[in-house]
S.K.: 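Could you have a look at this structure, given as structure tokens, before my questions?
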Amino acid sequence: QVQLVESGGGLVQAGGSLRLSCAASGRTFSSYTMGWFRQAPGKEREFVAAITWSGGSRNYADSVKGRFTISRDNAKNTGYLQMNSLKPEDTAVYYCAVQGMVWGPLDIRESKYDYWGQGTQVTVSS
């Protein structure tokens, strides 16, 4: 089992920045690919970004590419999502997730992630 706790959400004006954190406990965090997803009101949850267990590869949704950066510090069992140039359409609950398979590849599909945090609200005002 892996327990994930997100933090860092809040209210920010358009153009501003936030950094989300995802603290992991339980299994060896450094062996698992992690991702960030988000769900806006009335919409389905969508992929935002993912990073491999080593941190060597990343991918992003087109909507956040160039503005968001995913990273991880395996020594601290923590993942991050740096969000810059925020837009009102970025408003959502953001979730971190970890794959259940050791050393898994990057994947944008929710079904490939077995462990999820409770989510943190990000609200961007115009």
S.K.: Hydrophobic clustering (ILVMFWY, side-chain heavy atoms < 4.5 Å, transitive) - are Y113 and F29 grouped together?
M.R.: no
S.K.: Indicate yes or no for a side-chain donor-acceptor contact from S85 to the backbone of R67 under 3.5 Å, with no hydrogens or angles considered.
M.R.: no
S.K.: Taking all atoms of both residues into account, what is the closest heavy-atom pair of G117 and Y95, and its distance?
M.R.: O-CD2, 3.6 Å
S.K.: Roughly how far apart are Q39 CD and E44 CD, rounded to 0.5 Å?
M.R.: 8.0 Å
S.K.: Tell me, do L81 and F68 make a side-chain contact under 4.5 Å, heavy atoms counted?
M.R.: yes
S.K.: Can you give me the closest heavy-atom contact between T78 and S21, atom names plus distance?
M.R.: CG2-CB, 4.3 Å
S.K.: Is the backbone N or O of G104 less than 3.5 Å from a side-chain atom of T33, with the two atoms forming a donor-acceptor pair by type?
M.R.: yes
S.K.: Which value, rounded to the nearest 0.5 Å, describes the distance between F47 atom CZ and D107 atom CG?
M.R.: 8.5 Å
S.K.: Look at the side chain of Q99 and the backbone N and O of P105, then say whether any donor-acceptor pair between them is shorter than 3.5 Å.
M.R.: yes
S.K.: Within the side chain of Y60, is there an N or O that forms a donor-acceptor pair under 3.5 Å with the backbone of I70?
M.R.: yes
S.K.: Quick one, W53 and S30 - any side-chain contact, counting heavy atoms below 4.5 Å?
M.R.: no
S.K.: Please test M34 against C96 for side chain to side chain contact (heavy atoms under 4.5 Å, CB included), starting from the C-alpha separation and ending with a verdict.
M.R.: CA-CA 7 Å; M34 70 164 288; C96 67; 4.2 Å; yes
S.K.: In terms of hydrophobic clusters joined by side-chain contacts under 4.5 Å, are I51 and W103 together?
M.R.: yes
S.K.: Looking only at non-hydrogen atoms, find the nearest pair between M83 and L20 and report the distance.
M.R.: CE-CG, 3.8 Å
S.K.: Parallel, tilted or perpendicular: which fits the ring planes of F37 and W116, with parallel below 30° and perpendicular above 60°?
M.R.: tilted
S.K.: Counting only heavy atoms not in I108, do more than 12 sit closer than 6.0 Å to its CD1 atom?
M.R.: no
S.K.: Determine whether a donor-acceptor pair (N or O, by modelled atom type, separation under 3.5 Å) exists between the side chain of E6 and the backbone of Q118.
M.R.: yes
S.K.: Are W36 and V12 connected, step by step, through hydrophobic side chains (Ile, Leu, Val, Met, Phe, Trp, Tyr) whose heavy atoms are closer than 4.5 Å?
M.R.: yes
S.K.: Side chain to side chain donor-acceptor pair (under 3.5 Å) with R38: which of T91, D90, T120?
M.R.: D90
S.K.: Quick check for you: to the nearest 0.5 Å, what is the distance between K87 atom NZ and S126 atom OG?
M.R.: 14.0 Å
S.K.: What distance do C22 atom SG and R72 atom CZ have between them, rounded to the nearest 0.5 Å?
M.R.: 9.5 Å
S.K.: Hey, do the aromatic rings of Y115 and Y32 have their centres closer than 6.0 Å?
M.R.: no
S.K.: To the nearest 0.5 Å, what is the distance between OH (Y80) and OG (S7)?
M.R.: 9.0 Å
S.K.: Between CG of N77 and CG of L4, what distance do you get to the nearest 0.5 Å?
M.R.: 10.5 Å
S.K.: State whether the number of non-hydrogen atoms from other residues, nucleotides or ligands found under 6.0 Å of K43 atom NZ is greater than 12.
M.R.: no
